[in-house]
Each structure stands twice: as structure tokens, then as C-alpha cells.
There are 2 protein chains.
Amino acid sequence: MTASPTPAASDADWLRLDRQICFSLHAASRAFNGVYRVVLKDLGLTYPQYLVMLVLWEQGDLPVKKLGEHLRLDSGTLSPLVKRLEGAGLVRRERSAEDERSVRVRLTDQGAALRERALEVPRRIAAATGFGLEEIGELREHLDRLTGALDAAALHEAQSCG
Amino acid sequence: MTASPTPAASDADWLRLDRQICFSLHAASRAFNGVYRVVLKDLGLTYPQYLVMLVLWEQGDLPVKKLGEHLRLDSGTLSPLVKRLEGAGLVRRERSAEDERSVRVRLTDQGAALRERALEVPRRIAAATGFGLEEIGELREHLDRLTGALDAAALHEAQSCG
DNA sequence: GGCCATTTAGTTGTGCACAACTTAATTGTG
DNA sequence: CACAATTAAGTTGTGCACAACTAAATGGCC
């Protein structure tokens, strides 16, 4: 209302808007992280560790590589993270017999059992935010489009600005 | 389309949905970060450093405390970050004369001059994503509502689950 | 004035993200 | 078979986020 988006915005306007959108996404990500941090403390998991466990609960045991593809994380992030999960007794790492390069991440009984306690997490989050299924779906779609556009942009930047 | 959100979703459905929204926001944040990383490399700034500079360009020099309020970051994050900006010659830190506890972050000439080169950043980002002003504003509003809800939830969690 | 709670920065320790690199296993090719 | 290229995981180094803490300055209160 107060700030009408004129078609011909100045550079300064763009910079201000940039601050806003940058900040919004950054803040949203950290706020999200913060709420999960509280809820996940009971489970002894960090937010990224929870993401890994979600994938394992859904997909069964996977090599680190596949885990990374699901989460778009590389071994530099996953190796120590999975090692911490192993330290907590939630997963075990096993060298694949067929391909000795590959390490399969397998849920322990304890790790599999943790899923039961995790089932309440989404409801606690949803309840906390007051967002419904529709709104969550809508936001997700919005974010996925953004990510898709940004990924394509990243590729383009990498190619054109070598 | 394929996955119709039934009104009475099971715990497992919620967990799956949770994975999706968690992942979407996490991925969007990192994708955003990645595109900025490329664009900001020319300026010698990281993404959080860019956020600090945006605030300083917009607000003028500020004490660390105020900077933290604008960005929702505490001294644990800002102190070393600002020190790195000082190392790069973009800002200077000055103890306030009136209140010796306070440290004022002031742009150097070099830091102020960097704004000129930063003016092209938002356009490069916007062009890369293909998002228009409206869509950016819409997403921003969506994210801000989410952050607001999450912040309120964090407070509530902190109080109720002490 | 003396004392205590508050406020502002900064420090320390843990964990994540990512670039750049190393190591070891595998694959492809002559 | 030998050897180069590729692939998977791990390591190292830098920077950010945040909790918990310390140190110093300030303000309020008796």
C-alpha cells in the first residue's frame, strides 16, 4: 500500500527491495531452524540431522551419495554429520561389498524407533505456526519454483561468467 | 496434482509433508545463498556480509546492537563478521564516547564506495531468477508471515515448555 | 558513595555449508 | 594387463548461527 511498486524502480529502490527479500528468506530460514531446534531437542537431533533421518525413514538405508542427492548436500557436509548420527547410535555406516568406495548408511533399531517419537514433530510445528495444509503446500510450491529458478541461474552464471 | 492433500492426513503423511516443506525452505535458502555467492564474489563479500553492508548503506553507521536488531543477529555472529569487514577495509569500529559499552560500525570511504558496485547486484539476481517485482513482493510477504508465525511460536514454545 | 542488576561487546565451543583437496576403488581404453 | 579418467567418501580450512559464557560500562537504589 504505502510503497507502490512502480514499473520503473531506481537502482536504490532495487537495492532496498533486495535487502528485503534477502533478509526475508534468510530470516525465515533461521526462524524455521529456531522452532525446529526447540522441538527437536527432545529427540537429540539438529535440524539437518532431522532432515537426514527423514530421508532414511522414508527411503530406507542409502549410500552417502544418494543421501546427498536427496538433500543436495555434499560429502563435506554429510560425512561428519552422519558420523555424529553414528556416534548417537542412530545409524551405522557400512562399506558396500560390491563397491568399496560406497558407504551405506543404515538405521539402527534405535534410529528406526526414533521415528515413532518424530511423528509428533510436524504437528507441533504446524500447530505452532498456525499454517494449514493448503498454505504449507502453497509456500512449498513457491519456494520450489524459486529454488528451481535459482539453480538454473547458478548454472547459467557458472557457464557465462567463467 | 498427483498427491492430493486429504483433509485427514495420517502421521506418516504429515512426516512426508514435513520433509517436503523443511527441505524446500532449506534448499531455497541455500540456493539463494549460492547465487549470491557467485554474484558477490566480485565485491569480495559473503552473503551475510552483504546484508550488513546493505543495512549500513541504508541506515548509516550504527552500533553493533542496532545492526543486530535490524538483522536479527547477535554479537556472537556479528562481532567476528564485522571484524572481517574491518579487515577488508570496508568499515571501522569505534567505541562510542557517550557509552563506552557501545561500538559504532562506520563505513569507510571504500565501504561507502562499494555501494556503487553493489547497485547492479539486485538486477543480476532478479534477472537470474526471472522473478518480477510483484512476484518477489509476494514471496517476501509470504516469508515474512511465516517468520512472524515462527517467531511467535518460538516464544510460545519457550514459555510453555520450560 | 557503594552496590547490584542490566546492557553491550566479545569469546568459546559445537555444528552446518561449501570450496578445494586427498585417498582409494572402479571403469574405460588401448 | 596397464594406465588414465572418473567416482565415492573423507579431510581441511573458512565463514556463519547460536548457546553459554566473560568483561566492562552503565544505571538505579539505598
Side-chain angles (χ1 to χ4, degrees), chain A residues 22-23 25-38 40-41 44-52 62-69 71-88 91 93-105 151 154 158, chain B residues 22-23 25-38 40-41 44-52 62-69 71-88 91 93-105 151 154 158:
Chain A
C22 283
F23 172 68
L25 190 62
H26 206 62
S29 180
R30 286 186 295 122
F32 221 71
N33 210 310
V35 171
Y36 273 93
R37 189 193 320 281
V38 175
L40 292 175
K41 194 155 63 178
L45 292 175
T46 67
Y47 183 61
Q49 286 168 11
Y50 174 64
L51 290 177
V52 168
L62 291 171
V64 173
K65 173 74 175 176
K66 288 288 179 191
L67 212 47
E69 286 171 8
L71 296 168
R72 299 193 197 213
L73 292 170
D74 65 7
S75 65
T77 299
L78 283 176
S79 285
L81 192 158
V82 169
K83 202 173 284 186
R84 279 186 286 271
L85 287 179
E86 189 178 40
V91 305
R93 291 179 306 146
E94 304 171 345
R95 282 279 162 194
S96 167
E98 311 97 62
D99 187 343
E100 292 259 334
R101 292 170 303 179
S102 179
V103 168
R104 188 158 278 266
V105 181
D151 279 353
Chain B
C22 283
F23 172 67
L25 189 62
H26 206 63
S29 180
R30 285 186 296 121
F32 221 72
N33 210 310
V35 172
Y36 272 93
R37 190 193 319 282
V38 175
L40 292 175
K41 193 154 63 176
L45 293 175
T46 67
Y47 182 60
Q49 287 168 10
Y50 174 63
L51 290 177
V52 168
L62 291 171
V64 173
K65 173 73 175 177
K66 288 287 178 191
L67 212 47
E69 285 172 8
L71 296 168
R72 300 195 196 210
L73 292 170
D74 66 5
S75 66
T77 299
L78 283 176
S79 285
L81 191 159
V82 169
K83 203 173 283 187
R84 279 187 285 271
L85 287 178
E86 190 178 38
V91 305
R93 291 179 305 146
E94 305 171 345
R95 282 279 160 194
S96 167
E98 312 97 62
D99 187 343
E100 292 261 333
R101 291 171 303 181
S102 179
V103 167
R104 189 158 277 266
V105 181
D151 279 353

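So you know, we letter chains A, B, ... as the sequences are listed, proteins then strands, and number each from 1.
Residue B:Arg30 contributes atom CZ, which lies 15 Å from atom C1' of D:dA17 at whole-angstrom precision. The distance from atom CG of B:Leu73 to atom C1' of C:dG10 is 15 Å, rounded to the nearest whole Å. To the nearest angstrom, P of D:dA8 lies 17 Å from CZ of A:Arg93. The nearest whole Å value for the distance from the NZ atom in B:Lys83 to the P atom in C:dG10 is 6 Å. Rounded to whole angstrom, the span from the CD atom of A:Glu86 across to the P atom of D:dG10 amounts to 9 Å. Atom CZ of B:Arg101 and atom C1' of C:dA9 are 10 Å apart (whole Å). Taking atom CZ of residue A:Arg104 and atom P of nucleotide D:dA9, one finds them 10 Å apart after rounding to whole Å. Taking atom OH on B:Tyr36 and atom P on C:dA19, their separation rounds to 18 Å, with Å as the unit.
Here the straight-line distance linking atom CG of A:Leu45 with atom CG of A:Leu85 works out to 7.0 Å at 0.5 Å rounding.
Inter-residue side-chain proximity for B:Arg93 and B:Val64 is flagged as unmet; no heavy-atom pair is nearer than 4.5 Å.
Look at B:Ser75 and you won't find any side-chain N or O under 4.0 angstrom from OP1 or OP2 of C:dA9. The side chain of A:Ser102 contributes no N or O atom lying less than 4.0 Å from OP1 or OP2 of D:dT7.
Both A:Thr77 and A:Asp99 lie close to DNA chain C; mapped to their nearest nucleotides by heavy-atom distance, the more 5′-ward contact belongs to A:Thr77. With the nearest nucleotide of DNA chain D identified for both A:Ser79 and B:Glu100, A:Ser79 has the one nearer the 5' end. Along DNA chain C, the nucleotide nearest B:His26 and the nucleotide nearest B:Lys41 are compared for position; the residue whose nucleotide lies closer to the 5' end is B:His26.
Between A:His26 and B:Tyr47, the ring planes lie perpendicular to each other; the angle is over 60°, past the 30° to 60° tilted range.
Among the nucleotides C:dC18, D:dG15, C:dA9, the one closest to any side-chain atom of B:Gln49 is D:dG15.
Between the B:Arg72 side chain and the A:Arg30 main chain, no donor and acceptor come within less than 3.5 Å of each other.
Within 4.0 Å of A:Leu78, counting heavy atoms only, lies no atom of the nucleic acid at all. A:Pro80 comes within contact range of no nucleotide atom at all, as no heavy-atom separation falls under 4.0 Å.
Between A:Lys83 and A:Glu86, no side-chain nitrogen of the basic residue sits less than 4.0 Å from a carboxylate oxygen of the acidic one, so the salt-bridge criterion is not met.
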